[in-house]
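Please read the structure below before turning to the comments.
These figures come from a predicted structure and were not determined experimentally. All values below come from the heavy atoms of this structure, side chains included, with hydrogens, waters and symmetry mates left out. Counting convention: from 1, in listed order, for ligands and their atoms alike. The first residue of the sequence shown is numbered 1, and numbering continues consecutively from there.
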Amino acid sequence: MIVAIDGPAGSGKSTVAKAIAKRCGLTLLDTGAMYRSCALLAVQAGLDVYDPANVDAIVDIARAADIRFEQREERQGVFANGQDVTAEIRTHEIDVAVSPVSAIPGVREAMVAQQRAIAEDANVVAEGRDIGTVVFPNADVKVFLTADPEARALRRAVQRAGGDAAKDKDATADQAAVEEILADLKRRDAYDSGREVAPLKPAEDAVHIDSSLLSVDEVVASILSLNEGLKAMDSTSVPAEPAPEPEVEASAAPEPEPAPAPKGERKPSAKASRNAKSSDGPMRAFAGNSFEDYYDHAMSEYPLLTRAFYGVVIGVVGGVTKLLWPWNIEGIDKLLDRSHGRMIIMNHAGLLDPLLVIVSCGVRGIAVRPIFKSEFNVNKLTTWFFSRVGGIPVNRGTADMKALRRARAALERGENVLVFPEGTRIKSDDEEITIHGGFALMAQLAKAPVLPTAIVGVRDLRPRGAKIPKFFKRVYAKVGEEITFESLGVKGKKQQVEAMEKLAMEKVYELRDLLRAEHPGKM
Ligand code: DC
């Protein structure tokens, strides 16, 4: 097993690689420490690492260097030619000297050979700049970890001040220190990316994860979810954190094997199942599309027959529900502006909630993609039905990156996505509610606004214990005003997501209370 994690300085790759090594019992291969060791040995030999005349001598040092790691509870021990260099390689002097040393092709050749030798005898998680591209192009898992330069600078500043931003999400640091580190990081990024030998660049098949908004546990959980074998090596039985939703951009994420396609369903192509953003060519006109094809394509691309079926379902469900529970959804025409997709969020009291939104959008030709729990896919028929009506399944409690990418892709295409952040039907105001904040992250990744919506009356249709719902009772819903991320007036991606989660749900409940006031007695 080889896990390759590349990325710029401060992206969090060392912390993440260390956590994976610990949880999965892998050997941690810190390749940056190897280049730092070479630089230290050169400096100790009295060589000016900037003098081109010393290149051969530095290469000789690198070739002769015997670099070893010692796994320790805290910081991993690094030994160069038997000397404990763990602390010395992290000094400012080596920070500076390592750039020219690591840019020497002969040094890189020597280090890459050592890195491959280490991986021959052990399962490794290797982190660096060229792991997925040069050192282990056939790695089982390839990740390119990034983060906003600002987030990276803050982490480093907190670290220098003796704190740990990975453990303390709200850690702050002196602004002047952050700015100085930021300037330095940008310089190093430019150097590492611009150099001729092994420049910092993602492997084509690496999964991009933006760690700016994520905790270490969330990044680790996302990486483990990329490979079944790796996940199986995880020694912690408790799942890290529910549904981490990292930013995934690259194609070709190694996904678990898809379930065998049911008869009559085409197996999704590798590409289609890997990258929800790029539709894998048009859908087939008649039979032969897989469930995945439906999740990955725009509803307007569905085969004509499916769209006709959808129209009939909308008509029938709309007619029947309106007859049984005369309902009205105020403000739905706001969705007629198709210039962008919206993340519609709503309180959840019963089955009628999603139907109402879907039907009222459907009759107006507005695409809405409901996110539904994958537990609802109980059999082939339900899976078939949900896929035909534009549903996107989500595995709750896991790192469901596919669902995240699909929702994001839909929003970016201009489709609306419907999420019930309460997660389950709420039967009473006394119930304890956990808001699932994933909607805000999905919206932010797609740069889409959030549209709060509320519904009342559904809860009254089925009093506790009643088997049959009450008929001919009115149900009211109201669409609120779009909330854009810019309008929040908050800086920082993470802070924006948190602010959006809070404000959007407050608006949902405000709308619900307004509806209750307008229609007394309705719950
Ligand atoms: O990850 P780090 O900051 O410890 O890396 C130290 C330096 O080594 C950094 O300037 C980039 C370089 N490096 C490299 O060129 N290739 C690697 N695989 C790892 C690090």
Side-chain angles (χ1 to χ4, degrees), residues 2-18 21 27-43 49-50 55 58-59 61-62 65 67 69 75-78 80 85-119 124-137 139 142-147 149 152-153 155-157 159-160 166 181-203 206 211:
I2 297 180
V3 180
I5 304 180
D6 288 306
S11 55
K13 52 185 194 318
S14 311
T15 316
V16 166
K18 192 171 148 198
T27 298
L28 176 62
L29 187 50
D30 175 355
T31 61
M34 297 175 78
Y35 290 101
R36 286 172 179 272
S37 299
C38 289
L40 178 69
L41 292 174
V43 170
V49 294
Y50 283 97
V55 164
I58 298 174
V59 172
I61 287 176
I67 301 167
F69 294 103
R75 184 192 262 181
Q76 188 183 43
V78 187
V85 296
T86 316
E88 275 121 308
I89 58 169
R90 306 284 164 194
T91 61
H92 179 66
E93 189 187 10
I94 301 305
D95 270 352
V96 176
V98 67
S99 284
V101 170
S102 66
I104 301 172
V107 170
R108 302 203 71 84
E109 264 169 41
M111 290 304 109
V112 169
Q114 283 209 26
Q115 289 153 16
R116 289 186 182 146
I118 293 173
V124 297
V125 49
E127 52 116 338
R129 308 292 193 285
D130 57 348
I131 310 300
T133 46
V134 177
V135 188
F136 302 122
K142 285 190 196 177
V143 171
F144 194 77
L145 203 57
T146 54
R152 290 159 47 203
R155 281 178 197 163
R156 277 283 146 100
Q159 198 179 27
R160 282 201 189 157
I181 295 171
L182 182 61
D184 188 46
L185 277 182
K186 285 184 173 165
R187 236 188 340 264
R188 271 176 69 185
D189 280 358
Y191 190 95
D192 285 352
S193 317
R195 71 183 176 203
E196 267 174 38
V197 214
L200 168 70
K201 71 167 192 308
S211 70

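For Ala126, the side chain to side chain contact (heavy atoms under 4.5 Å, CB included) partners two or more places apart in sequence, or in a different chain, are Leu29, Ile131, Phe136.
At a threshold of 4.0 Å, the pair Asp130-Arg108 counts as salt-bridged, since one of the basic side-chain nitrogens sits closer than that to a carboxylate oxygen. Electrostatic pairing of Arg156 and Asp95 does not count as a salt bridge here, judged by no charged N lying under 4.0 Å from a carboxylate O. Comment: Lys201 does not engage Asp6 in a salt bridge, judged by the lack of any side-chain N to carboxylate O separation of less than 4.0 angstrom.
Ser99 and Arg187 form no side-chain donor-acceptor contact under 3.5 Å, judged by distance and modelled atom types alone.
Going from atom CD of Glu88 over to atom CD of Glu93 covers 10.0 Å, rounded to the nearest 0.5 Å.
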Return a table of N or O atom pairs, ligand 1 on one side and protein on the other, at distances under 3.5 Å, rounded to 0.1 Å.
from	atom 1	to	atom 2	distance (Å)
ligand 1	1 (O)	Arg129	NH1	3.0
ligand 1	3 (O)	Arg36	NH2	3.1
ligand 1	3 (O)	Arg188	NH2	3.1
ligand 1	4 (O)	Arg36	NE	2.8
ligand 1	15 (O)	Arg108	NH1	2.8
ligand 1	15 (O)	Arg108	NH2	3.4
ligand 1	15 (O)	Arg195	NH1	3.0
ligand 1	15 (O)	Arg195	NH2	2.8
ligand 1	16 (N)	Arg108	NH2	2.9
ligand 1	18 (N)	Thr31	OG1	3.0
ligand 1	18 (N)	Arg129	N	3.2
ligand 1	18 (N)	Asp130	OD1	2.8

